[in-house]
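Chain identifiers are assigned alphabetically (A, B, ...) following the order of the sequence lines, protein sequences preceding nucleic acid strands; residue numbering begins at 1 within each chain.
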There are 2 protein chains.
Amino acid sequence: MEEGSTRTRRADAERNRRRLLDAATEMFCERGLDVGVAEIAQRAGVGRGTLFRNFPTKEQLIAAIVVDRMSESVARGRAALESSDPGEALFWLLDQAVGLALSDRALFAAIGDEYLANEEIRTAHAELLEMLEELVRRAQAAGAVRDDVSAVDVLMMLKGVSEVIKSFQHVAPDAAMRQLDLVRAALTPRPGAPPLRGRRPTVDDLAEAGPVSPNCRPA
Amino acid sequence: MEEGSTRTRRADAERNRRRLLDAATEMFCERGLDVGVAEIAQRAGVGRGTLFRNFPTKEQLIAAIVVDRMSESVARGRAALESSDPGEALFWLLDQAVGLALSDRALFAAIGDEYLANEEIRTAHAELLEMLEELVRRAQAAGAVRDDVSAVDVLMMLKGVSEVIKSFQHVAPDAAMRQLDLVRAALTPRPGAPPLRGRRPTVDDLAEAGPVSPNCRPA
DNA sequence: ACCTGAACACCGTTCAAGT
DNA sequence: ACCTGAACACCGTTCAAGT
């Protein structure tokens, strides 16, 4: 019965973990990222210590939620890969992603900045990029997207729009739609347009992420 | 001599204020926004209490610095208004602004989100928008920018790029240049292109800012 | 094994006491 | 008038004691 008892134990622990994730997701959404861990633990019906047993740090609790959300996006994107119109598929995904950012504002606030240093988030990020790369490649083959952009360029535009609509909540979602239209205009091939400057950023460029250090303007 | 003595007092206080701002700017740049107020006060050579006499809150200290930076941008933009090529003037300003965001990352992190609720920042923001509006109008009159975008649309794109390069530090500044090229492509008029959806966001739409509340996805 | 909550460390903010 | 630093409140994190 040793295995059985272990499984029972695990079930308890697993249930606590889920409860914590659910409580945290809900409270972060309702009141932003600075709700206290004490309150989260209380809402989940466990002690503070249990929270820190599952997520050694508040940041890692947030990361776990963000990873969940990103996985959903990747799944949606993989589905879009089946589409017969790759251009529309790409722009549809961008719409979806921005919609997600609109509805989970607090969480997306966390993705930026230092959180990229987080191991789990980086893994999820890599998966997302891989999918996006394929989607962009097909859209380019179909002539719906200019050839000189890379998936990283597209991801940056997407993230830019996602971030900015957080700060312009009062004009969104109308403005978000317009920003997406502008992204589309930027990505649409145009004969005779000047090519993008610089080197196409690749996935590998991102791999060497590491924590971002603040910096100063030169004196 | 009462006035004289008051002025002497004020000079002391003013000097302390400047020292605090300088110390804070430097330390935020070097080590990010979470340096402690105690350390800032120490570096400025004053007591903690003096810091809070000048800036009732750490947030307001940050806001004061941000306002300084925004004023610089506005000044630059006003200068650009004199240019004989309004289109180039606009794109030049966007380049400058993104460069600023690149070199003062920590500070721009603060501009977003809740900080828009800050009174001083909103005033500076309004000035910036007024200037940008004039710049966009002239660029449109010169045929360098599509007619269906508003200054708010442009500001949002600018802010989007500024935000996103913070998170992609390792591919910047090359990627930043490319993002600016894409913004330019999006703004350049193109015959036969579909117009932007929705209503053109105006300055007044932003006026009713207020603190942003976090929100949830519908169940 | 896993859980709990008292205790700790840290940091923004206040305020009584100085000059 | 302005400054100072001890004291307070708050919150993330740890850990000895329970089951």
Given atom CG of Asp34(A) and atom C1' of dG12(D), what is their separation to the nearest angstrom?
-> 13 Å
Arg48(B) CZ to dC11(C) P, straight-line distance once rounded to whole Å | 11 Å
Given dC3(C), dG12(C), dT14(D), the nucleotide with the shortest approach to the side chain of Phe52(A) | dT14(D)
Quick one: which of dG12(D), dC2(C), dT14(C) gets closest to the side chain of Ala13(A)?
-> dC2(C)
Between dC2(D), dA6(D), dT4(C), which nucleotide gets closest to the side-chain atoms of Arg53(B)?
-> dC2(D)
dT13(C) phosphate, OP1 or OP2: any side-chain N/O from Thr57(B) under 4.0 angstrom?
-> yes
Rounded to whole Å, CD of Gln42(B) lies from P of dG5(D) at a distance of 10 Å
Examine dC2(D): is either OP1 or OP2 under 4.0 Å from a nitrogen or oxygen in the side chain of Asn16(B)? Give yes or no.
-> no
Value for CD1 (Ile40(A)) from CE (Met27(A)), rounded to nearest 0.5 Å, stands at 6.0 Å
Rounded to the nearest angstrom, tell me the gap between atom CG in Leu51(A) and atom P in dC11(D).
-> 15 Å
Checking N1-N3 plus N6-O4 or O6-N4 for Watson-Crick, or N1-O2 and O6-N3 for wobble, each under 3.5 Å, the partner of dA16(C) is dT4(D)
Check ion pair Glu88(A)-Arg184(A) (N to O, under 4.0 angstrom) = yes
Would you sort out whether Arg78(A) and Val74(A) count as a side chain to side chain contact (heavy atoms under 4.5 Å, CB included), showing the intermediate values?
-> CA-CA 6 Å; Arg78(A) 292 225 169 98; Val74(A) 173; 3.5 Å; yes
Whole angstrom value for the distance that separates C1' of dG12(D) from CD of Glu39(A) = 14 Å
Within the structure shown, what part of the strands sits under 4.0 Å from Gly36(B) by heavy-atom distance: base, sugar-phosphate, or nothing?
-> sugar-phosphate
Paired to dC10(C) by Watson-Crick or G-U wobble criteria (both distances under 3.5 Å) is none
To the nearest Å, how far apart are Lys58(B) NZ and dC10(C) C1'?
-> 12 Å
Interatomic distance, Leu20(A) CG vs dC2(C) P [rounded to whole Å] = 14 Å
Within this structure, what is the CZ-to-P distance between Arg17(B) and dA1(D), rounded to whole angstrom?
-> 20 Å
Ionic contact status for Glu134(B) with Arg138(B), cut-off 4.0 Å = yes
Please determine which of Val154(A), Leu155(A), Thr202(A) meets the side-chain contact (heavy atoms from CB on, under 4.5 Å) test together with Leu129(A).
-> Leu155(A)
Given DNA chain D, 5'-ward residue of the pair Val37(A) and Gly49(B), judged by closest heavy atom | Gly49(B)
